[in-house]
There are 2 protein chains.
Amino acid sequence: MEHPPFAVTVDLVVLTVRAGRLTVLLVERGEAPYAGALALPGGFVRPDEDLLAAARRELREETGVGDGVHLEQLATYGAPDRDPRMRTVSVAWLALAPDLPEPTAGTDAAAARFVAVDDLDLAALAFDHARILADGLERARAKLEYSPLATAFCDEEFTVAQLRAVYEAVWGHPLDPRNFHRKVTRTPGFLTETELTSTADGGRPARLYRRGTLEVLSPPLTRGDT
Amino acid sequence: MEHPPFAVTVDLVVLTVRAGRLTVLLVERGEAPYAGALALPGGFVRPDEDLLAAARRELREETGVGDGVHLEQLATYGAPDRDPRMRTVSVAWLALAPDLPEPTAGTDAAAARFVAVDDLDLAALAFDHARILADGLERARAKLEYSPLATAFCDEEFTVAQLRAVYEAVWGHPLDPRNFHRKVTRTPGFLTETELTSTADGGRPARLYRRGTLEVLSPPLTRGDT
DNA sequence: ACCCATCTCGTCAAGATGACGACAACCCGG
DNA sequence: CCGGGTTGTCGTCATCTTGACGAGATGGGT
């Protein structure tokens with residue numbers, strides 16, 4: 001029984017919503033292969049490091065933010081030819097974050113930036129990262145339906161309209177404000193009402209909420225409502 | 001940039017329904033560590049083998065059946081101490097199969113057998129396989145809600161009652177035959193009606209169906225209906 | 001003051017759900 | 001051959017949810 005050596009990496013699909021658009025964190029590769037191309041941030045797992053710990057470390061290195069960001073395993077990619085240099089298996093992770101400051105912190109990937117997914121030419125991504133990103137987007141879209149995960153894109157306190165903007169950005173189409181409001185506020189455990197506050201986005205001040213304790217929405221929100 | 005060597009394995013959670021009970025394929029370990037304990041079937045990924053190909057190869061080695069069985073990636077487990085012999089990363093796969101013949105085909109894991117999950121002492125499983133199995137079960141239970149995947153447990157042609165038995169076995173509680181029948185037959189694309197046939201399970205013959213083309217159920221079946 | 005934008009609640013028809021009655025179609029034993 | 005047991009299929013009905021949309025509430029700007 002042989003156990004041939006593999007290199008194991010983590011790759012991150014870091015999504016956030018900026019200015020109403022779903023964006024993903026990408027780095028510009030400085031070295032071959034795919035020098036100059038855009039790629040997902042990531043790196044090698046260290047010899048005594050847990051996979052989740054490696055993902056969180058890379059996340060912190062790239063964004064400066066570590067805890068408080070939702071992070072879940074996405075899938076693992078290990079086609080024999082996915083990296084021309086060596087046999088590599090990559091464990092991909094999906095991170096959902098509130099609007100983050102533009103990454104600048106001096107790291108190995110200084111050229112990290114957020115790109116709106118609509119503006120992105122998937123085919124231009126390095127390695128098999130187009131596939132990984134597509135899987136991450138689909139996972140995010142699906143999870144908004146049956147989990148309260150959209151709150152991971154919001155700050156600690158947020159309005160129903162801000163939450164709705166997340167859904168609209170991720171799903172790519174508008175939702176009815178009144179029906180959305182009814183759905184999220186009348187689903188027990190989805191939101192916790194902040195008695196006091198409210199803020200102004202132009203019109204009548206809105207009540208602020210925090211995420212509730214609910215983990216699974218049933219019945220789910222439907223991606224198709226108008 | 002170092003890339004320390006890891007051993008990469010695949011582990012399989014093979015589920016099937018026998019005699020109305022959800023069962024999982026387990027092997028009895030012959031060697032240390034965990035000699036004599038039950039474990040999920042699995043093995044090392046070969047140097048030039050795709051991960052999916054490795055999973056399907058192991059599936060065939062253990063069950064004698066390869067194609068036609070639903071196989072999807074579950075998650076990847078890579079805690080540094082999960083295998084005391086070496087640093088191992090395991091990509092787990094979930095397989096859903098119709099009732100299979102008892103595995104006997106001479107392989108390295110001659111002691112493979114199906115065990116009803118209710119009868120199983122999770123803590124007795126080797127390595128972190130209890131966790132993997134739990135994740136696989138939860139995945140299977142969840143997927144039955146929003147996908148027509150229950151058909152993967154059935155033969156090519158099956159009755160509504162057989163399909164319902166799958167749901168009842170996986171979810172662990174009975175469903176109303178009439179409401180279930182309405183739901184699955186009136187959801188376009190879920191089932192394809194076989195004009196001709198029918199069979200006998202004791203009472204009135206039932207129409208036979210094949211799986212339809214539908215991939216996602218919306219609205220989903222709810223795990224909680226009586 | 002007035003207008004305007006946004007938030008929040010209400011109404012209403014259409015459809016889905018859960019509970020359950022009723023009949024249909026087959027097997028079996030007498 | 002006939003009636004009971006068993007299982008499959010359809011129908012009904014109250015209730016809940018959904019999608020569409022009206023309308024008042026509550027702030028800022030001019």
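Below, chain A is the first sequence line, B the second, and so on; all start at residue 1.
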Enquirer: Side-chain donor-acceptor pairs under 3.5 Å in residues 136-143 of chain B, sequence neighbours left out?
Expert:
unit_1 : atom_1 : unit_2 : atom_2 : d
B:E138 : OE2    : B:R223 : NH2    : 3.4
B:R139 : NE     : B:E72  : OE2    : 3.0
B:R139 : NH1    : B:L74  : O      : 3.3
B:R139 : NH2    : B:Q73  : O      : 2.9
B:R141 : NH1    : B:V170 : O      : 3.2
B:K143 : NZ     : B:E72  : OE1    : 2.9

Enquirer: Looking at residues at least two apart in the chain, or sitting in another chain, which of them share a side-chain contact (heavy atoms from CB on, under 4.5 Å) with B:A53?
Expert: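 B:A53 satisfies side-chain contact (heavy atoms from CB on, under 4.5 Å) with B:E49, B:D50 only.
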
Enquirer: Mind listing the residues from residues 160-167 of chain B sitting with a heavy atom below 4.0 Å of DNA chain D? Number order is fine.
Expert: B:A161, B:R164

Enquirer: Is the phosphate of C:dT8, meaning OP1 or OP2, less than 4.0 Å from a side-chain N or O of A:H181?
Expert: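 It does, given that an N or O in the side chain of A:H181 lies less than 4.0 Å from OP1 or OP2 of C:dT8.
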
Enquirer: Please give, in whole Å, the distance from C:dG21 P to B:N179 CG?
Expert: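 Checked: the CG to P distance equals 13 Å.
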
Enquirer: Could you list, one pair per line, each protein nitrogen or oxygen that sits under 3.5 Å from a nitrogen or oxygen of nucleotides 22-24 of chain C, together with the distance?
Expert:
unit_1 : atom_1 : unit_2 : atom_2 : d
C:dA24 : N3     : B:R204 : NH1    : 3.2

Enquirer: Do B:Y77 and B:D135 meet the criterion of a side-chain donor-acceptor pair at a distance under 3.5 Å?
Expert: yes

Enquirer: Take the protein atom CZ of A:R186 and the nucleotide atom P of C:dC9, then report the distance between them rounded to whole Å.
Expert: 8 Å

Enquirer: Regarding B:P177, tell me which of base, sugar-phosphate or nothing describes its non-hydrogen contacts under 4.0 Å with the strands shown.
Expert: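 No contact.
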
Enquirer: Do the rings of A:Y167 and A:W171 sit parallel, tilted or perpendicular, given the 30° and 60° boundaries?
Expert: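 Geometry flag for A:W171 against A:Y167: perpendicular rings.
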
Enquirer: What I want to find out is whether A:R113 reaches A:D119 closely enough, with some N-O distance under 4.0 Å, to be called a salt bridge.
Expert: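 Salt bridge absent between A:R113 and A:D119.
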
Enquirer: Just the rounded figure in Å: distance from C1' of C:dG15 to CZ of B:R182.
Expert: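 Rounded to the whole Å, the gap is 11 Å.
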
Enquirer: With a 4.0 Å cutoff (strictly under), does any side-chain N or O of A:K183 reach OP1 or OP2 of D:dT18?
Expert: yes

Enquirer: Keeping to residues at least two apart or across chains, list the salt bridge (charged side-chain N to carboxylate O under 4.0 Å, His left out) pairs with something in residues 178-189 of chain B.
Expert: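 Qualifying pairs, neighbours excluded: B:D176-B:R178.
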
Enquirer: B:T185 side chain N/O closer than 4.0 Å to the phosphate oxygens (OP1, OP2) of D:dC10?
Expert: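 Checking D:dC10 against B:T185, no side-chain N or O comes under 4.0 Å of OP1 or OP2.
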
Enquirer: My understanding is that only residues two or more places apart in sequence, or in another chain, count here; which of them pass side-chain contact (heavy atoms from CB on, under 4.5 Å) with A:A97?
Expert: A:V69, A:L100

